[in-house]
Visitor: 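Quick one: structure below, then a few questions.
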Amino acid sequence: MTNWVSAVQQLRRERRSGVLVTVTEVRGHAPRDAGAKMVVSAADVWGTIGGGNLEETALSRARALLEALPDEPSSATISLSDKARTEHGRQCCGGEVTLLFEPLPVVPAVAIFGMGHVGLELARILARHDLDLHLVDSRKSYVAADRLACLQDGPAEVVGHHSPVPELALGQVPAGTHVLILTHDHAEDFALCDAALRTSHLGSIGLIGSAAKWRRFQQGLRVEGHPESAIARIHSPIGTPEIPGKDPAVIALSVAAQLLQSVRVGVAPS
């Protein structure tokens with residue numbers, strides 16, 4: 001039987017949301033002791049907190065939370081008495097159990113295209129956050145394992161992609177991925193912008209560069225047949241104006257601050 005830790009890891013790996021249910025307090029007789037855990041997804045259950053009415057009630061609550069997607073944990077106290085009927089019947093152990101429901105949301109996904117000086121500094125910051133981080137470059141050495149080793153001590157799941165045609169990697173990232181385009185080549189940047197607008201499953205799209213660069217790109221994207229509403233999906237220049245500077249580490253901090261704020265509140269950077 002899969003233990004609860006493996007179940008949580010599986011949900012993270014498969015990018016599925018879930019709820020971790022823990023017995024936090026037991027008074028009187030109950031089918032499981034404090035500390036028992038169960039992991040619930042929309043379709044699966046791992047572990048048990050004791051079966052019967054208690055577990056069915058917990059499953060119902062957990063799946064209601066999956067639909068509501070709350071940010072904070074919640075708790076519930078359930079009486080195991082023949083006088084305490086729920087929609088799932090009665091359980092006559094005679095005790096009372098308190099359950100903690102902890103949401104396990106799907107973490108954000110971010111893809112950085114271009115792992116030069118700014119890209120690597122940006123990855124250093126984002127790797128310290130709980131997200132899936134995809135790092136893409138057309139130059140193999142820039143996503144080599146030894147170069148990305150500095151990113152392995154954070155909570156992010158880091159995946160390097162060597163892609164001689166970087167826009168092909170857009171089809172390999174998860175649905176809702178926030179894309180940041182900052183390659184070493186303006187032609188590569190433009191190809192990625194064009195391809196990103198033709199890729200429907202992406203989240204926000206950000207492009208590094210000056211306002212003049214973005215005006216040229218807008219003209220080119222119109223020539224490629226993109227309507228204004230589609231072009232408006234791309235945000236450029238990226239970075240928060242409250243953190244000015246041209247040093248790669250400063251630019252990375254500015255871009256990360258804007259992105260993390262937008263990911264937190266669930267909107268695209270502007």
Side-chain angles (χ1 to χ4, degrees), residues 15 69 71 105-119 121-123 125-126 129 131-138 156 159 161 163 165-246 248 250-270:
R15 297 188 60 78
L69 298 176
D71 293 327
V106 176
V107 300
V110 177
I112 301 174
F113 286 80
M115 285 300 295
H117 296 300
V118 175
E121 292 291 348
L122 180 56
I125 298 171
L126 295 181
H129 297 268
L131 49 79
D132 288 345
L133 184 58
H134 296 263
L135 309 176
V136 187
D137 205 292
S138 59
V159 181
H161 302 258
S163 183
V165 183
E167 52 267 36
L168 295 180
L170 290 168
Q172 301 172 9
V173 298
T177 295
H178 300 275
V179 172
L180 296 169
I181 300 171
L182 43 142
T183 80
H184 64 293
D185 184 343
H186 282 202
E188 200 168 284
D189 282 352
F190 182 82
L192 280 163
C193 288
D194 179 40
L197 293 183
R198 303 178 194 276
T199 306
S200 60
H201 72 276
L202 302 177
S204 64
I205 307 167
L207 169 69
I208 200 169
S210 65
K213 173 185 173 180
W214 177 227
R215 286 194 295 270
R216 291 195 300 273
F217 273 38
Q218 287 175 301
Q219 293 172 356
L221 291 169
R222 293 186 191 105
V223 171
E224 293 297 323
H226 295 287
E228 294 298 327
S229 59
I231 295 172
R233 288 178 58 203
I234 299 176
H235 302 270
S236 185
I238 50 175
T240 176
E242 287 78 14
I243 307 177
K246 295 184 178 181
V250 176
I251 296 171
L253 181 61
S254 176
V255 173
Q258 185 185 53
L259 175 72
L260 290 171
Q261 182 181 37
S262 72
V263 167
R264 179 174 57 83
V265 300
V267 296
S270 59

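Computed from a predicted model, the values in this text were never measured in an experiment.
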Visitor: Looking only at non-hydrogen atoms, find the nearest pair between Lys213 and Ile208 and report the distance.
Guide: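 Closest approach of Lys213 to Ile208: NZ-O, 2.9 Å.
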Visitor: For His161, give me all partners under ring pair (Phe, Tyr, Trp, His ring centres under 6.0 Å), at least two apart in sequence or on another chain.
Guide: His134
Visitor: If you look at every heavy atom in Leu168 and Ser163, which pair is closest and at what distance?
Guide: CB-OG, 4.4 Å
Visitor: Under 3.5 Å, side chain of His201 to main-chain N/O of Val173, donor-acceptor pair present?
Guide: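 Yes, the answer is positive, given that a donor and an acceptor are paired below the 3.5 Å cut-off.
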Visitor: Apply side-chain contact (heavy atoms from CB on, under 4.5 Å) to Ser138 and His184, showing your working.
Guide: CA-CA 10 Å; Ser138 59; His184 64 293; 3.7 Å; yes
Visitor: Is a side-chain N or O of Ser254 found less than 3.5 angstrom from the main chain of Thr240, in a donor-acceptor match?
Guide: yes
Visitor: Would a 4.5 Å heavy-atom cut-off, applied to side chains only, mark Leu197 and Ile205 as touching?
Guide: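 In short, these two side chains touch, coming nearer than 4.5 Å.
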Visitor: Measuring from atom CD of Glu224 to atom CD of Gln219, what distance do you get when rounded to the nearest 0.5 angstrom?
Guide: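 One finds 13.0 Å between CD of Glu224 and CD of Gln219.
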Visitor: Locate the shortest heavy-atom distance separating Leu135 from Ala123; write the atom from each residue and the value.
Guide: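 Result for this residue pair: CD2-CB, 4.0 Å.
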Visitor: Heavy-atom distance under 4.5 Å between the side chains of Val118 and Val255, does that happen here?
Guide: no
Visitor: Would you mind reporting whether Phe113 and Leu207 have side-chain heavy atoms less than 4.5 Å apart?
Guide: no
Visitor: Could you point out which residue of Asp194, Ile181, Leu182 forms a side chain to side chain contact (heavy atoms under 4.5 Å, CB included) with Asp189?
Guide: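 For Asp189, the side chain to side chain contact (heavy atoms under 4.5 Å, CB included) check succeeds only for Ile181.
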Visitor: Are the side chains of Val136 and Gln172 in contact, using a 4.5 Å heavy-atom criterion?
Guide: no
Visitor: Using side-chain contact (heavy atoms from CB on, under 4.5 Å), reason through Arg233 and His226 one step at a time and then give a plain yes or no.
Guide: CA-CA 11 Å; Arg233 288 178 58 203; His226 295 287; over 6 Å; no
Visitor: Heavy-atom distance under 4.5 Å between the side chains of Val179 and Leu192, does that happen here?
Guide: no
Visitor: Short question: side chain of His178, backbone of Leu260 - any donor-acceptor pair under 3.5 Å?
Guide: no
Visitor: Can you tell me if NE2 on His186 sees more than 12 non-hydrogen neighbours from other groups inside 6.0 Å?
Guide: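 Atom NE2 in His186 is not packed in, count stays at 12 or less.
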Visitor: Can you tell me if His117 has over 12 outside heavy atoms packed within less than 6.0 Å of its NE2?
Guide: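 Atom NE2 in His117 is not crowded, with 12 or fewer foreign heavy atoms closer than 6.0 Å.
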Visitor: Do you know which two heavy atoms are closest between Leu131 and Val110, and how far apart they sit?
Guide: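 Heavy-atom minimum between the residues: CD2-CG2, 4.3 Å.
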Visitor: Please list, chain by chain and in numerical order, all residues satisfying side chain to side chain donor-acceptor pair (under 3.5 Å) with Glu167, sequence neighbours excluded.
Guide: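 Not a single residue meets the side chain to side chain donor-acceptor pair (under 3.5 Å) criterion with Glu167.
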Visitor: List the atom of Gln258, the atom of Gly239, and the distance in Å for their closest heavy-atom pair.
Guide: OE1-N, 2.9 Å
Visitor: Take Leu259 and Leu122, measure what side-chain contact (heavy atoms from CB on, under 4.5 Å) needs, and give me the verdict at the end.
Guide: CA-CA 11 Å; Leu259 175 72; Leu122 180 56; 5.9 Å; no
Visitor: Run the numbers on Trp214 and Ile231 for side-chain contact (heavy atoms from CB on, under 4.5 Å), then give the verdict.
Guide: CA-CA 11 Å; Trp214 177 227; Ile231 295 172; 3.9 Å; yes
Visitor: Can you sort out the partners of Arg15 under side chain to side chain donor-acceptor pair (under 3.5 Å), two or more places apart, ordered by chain and number?
Guide: Asp132
Visitor: Taking all heavy atoms of Ile234 and all of Cys193, pick out the closest pair and write down the distance.
Guide: CD1-CB, 3.7 Å
